[in-house]
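Along the sequence shown, residues carry numbers from 1.
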Amino acid sequence: MVPRALEIETPRLRLRPFRESDLDDLARINSDAEASRWLNNGKPFTRDDSWRHIAIYTGHLQMRGYTMLAIEDRKTGQLLGRCGPWFPEGWPMLEVGWLVDPNRRREGIATEAALGALDRAFENLEVTEICSLIRRDNLPSAGVAKKLGARFDRVLEDFFGGPTDIWIHTRPE
């Protein structure tokens, strides 16, 4: 049973910790060429990589008390992607990131999930700023950051293999 505090509900979505049973759907989402372009230097993630992602998210939750969450359609239970607070070693600061199923992009899912994750992170973590790390030419994700009210801060010239923009979300007053 997932503790209620680790779930976030929005009008259409439920964000919850990953489970091993999410592997098939996560592997399909992670293997998308467009996602790989921004997240893995152009190499599609393998099924094994996706299993390790679930293990890493689970470990991050144990170590930090929060983690990247599965995005689930509240009506169907379908896994739609991932989104949540994330601060692994080597990151410049706490991040809320997102990845949406290629078959469900342009439906506002990333924006809705990220808004829920940001609200929960600002409520529960003692931070005034959260970043989103977005590859330099990833215009759809930059568009989501703008919709969320984030401001461009600076470029990390070589963050895990390429230039990455830091977008800053500020705690609402």
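The pair R14-E9 counts as a salt bridge, with a side-chain nitrogen and a carboxylate oxygen less than 4.0 angstrom apart. Salt bridge absent: D137 and R135 never bring a charged side-chain N and a carboxylate O closer than 4.0 Å. Between K43 and D49 there is no salt bridge, since no side-chain nitrogen of the basic residue lies less than 4.0 Å from a carboxylate oxygen of the acidic one.
Aromatic ring centroids of Y66 and H60 lie under 6.0 Å apart. A centroid separation of less than 6.0 Å is found between the aromatic rings of F160 and W91.
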- Query: Which is it for K146 and F152 under the side chain to side chain contact (heavy atoms under 4.5 Å, CB included) test, yes or no, and what are the steps along the way?
  - Reply: CA-CA 9 Å; K146 288 176 189 175; F152 172 78; over 6 Å; no
- How far apart are the C-alpha atoms of N103 and R28, what are their side-chain angles, what is the distance that settles it, and do they pass the side chain to side chain contact (heavy atoms under 4.5 Å, CB included) test? CA-CA 11 Å; N103 299 316; R28 179 183 51 75; 3.6 Å; yes
- Task: For side chain to side chain contact (heavy atoms under 4.5 Å, CB included), just list the numbers for E7 and E72, CA-CA rounded to whole Å, side-chain angles, deciding distance to a tenth of an Å, and then say yes or no.
- Result: CA-CA 11 Å; E7 285 192 0; E72 183 179 88; over 6 Å; no
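Nearest heavy-atom pair across C131 and I168 is CB-CD1, 4.0 Å. Minimum interatomic distance between S31 and P44 (heavy atoms only, all atoms of both residues): O-CB, 3.8 Å. The minimum heavy-atom distance linking P11 with R74 is given by the pair O-NH1, 3.7 Å.
Side-chain N or O atoms of D22 include one that pairs as donor or acceptor with a backbone N or O of R19 at under 3.5 Å. A donor-acceptor pair is defined here as one N or O able to donate and one able to accept, closer than 3.5 Å; no such pair exists between the side chain of R171 and the backbone of E126. In this structure, the side chain of T67 engages the main chain of Y57 through a donor-acceptor pair within 3.5 Å. Remark: the backbone N or O of G162 is paired with a side-chain donor or acceptor of T164 at under 3.5 angstrom. Proximity of a side-chain donor or acceptor of R105 to a complementary backbone N or O of A110 within less than 3.5 Å is not detected.
Inter-residue side-chain proximity for F87 and I130 is flagged as unmet; no heavy-atom pair is nearer than 4.5 Å. Counting heavy atoms from C-beta on, the side chains of R64 and W86 never come closer than 4.5 Å. Inter-residue side-chain proximity for I109 and R12 is flagged as met; some heavy-atom pair is nearer than 4.5 Å. A heavy-atom distance below 4.5 Å is found between the side chains of N30 and L99. Side-chain contact check for V127 versus H169: every heavy-atom pair is 4.5 Å or farther apart. At a threshold of 4.5 Å between non-hydrogen side-chain atoms, the residues L39 and F45 count as touching. Counting heavy atoms from C-beta on, the side chains of T111 and L148 come closer than 4.5 Å. By the 4.5 Å heavy-atom criterion applied to side chains, D101 and L79 are not counted as neighbours.
Follow the hydrophobic side-chain contacts under 4.5 Å out from I29 and you reach I56 in the same cluster. Linking Ile, Leu, Val, Met, Phe, Trp and Tyr whenever their side-chain heavy atoms come within less than 4.5 Å puts I166 and V96 in one cluster. Under a hydrophobic clustering in which Ile, Leu, Val, Met, Phe, Trp and Tyr are joined whenever their side-chain heavy atoms come within less than 4.5 Å, directly or via other members, W167 and V144 fall into the same cluster. Taking hydrophobic clusters as Ile, Leu, Val, Met, Phe, Trp and Tyr residues chained together by side-chain heavy-atom distances below 4.5 Å, L80 shares a cluster with L69. There is a path of hydrophobic side-chain contacts, each under 4.5 Å, that joins M68 to W98.
The local environment of CD in E20 is sparse, with at most 12 non-hydrogen atoms from other residues, nucleotides or ligands closer than 6.0 Å. Residue-environment remark: CH2 (W38) exceeds the threshold of 12 foreign heavy atoms within 6.0 Å.
Identified under the ring-ring contact (aromatic ring centres under 6.0 Å, His included) test for residues 105-133, with sequence neighbours left out: none.
Atoms CZ and CD1, on F159 and I134 in that order, are 12.0 Å from each other to the nearest 0.5 Å. One finds the CD1 atom of I71 at 5.0 Å from the SG atom of C83 (value rounded to the nearest 0.5 Å). For the atom pair N138 CG and E34 CD, the distance stands at 7.0 Å (nearest 0.5 Å). Rounding to the nearest 0.5 Å places OG1 of T58 at 8.0 Å from CD of Q62. Here NE2 of H53 is found 11.0 Å from CG of D48. Values are rounded to the nearest 0.5 Å. Distance CG/L61 to CE/M63: 11.5 Å, rounded to 0.5 Å.
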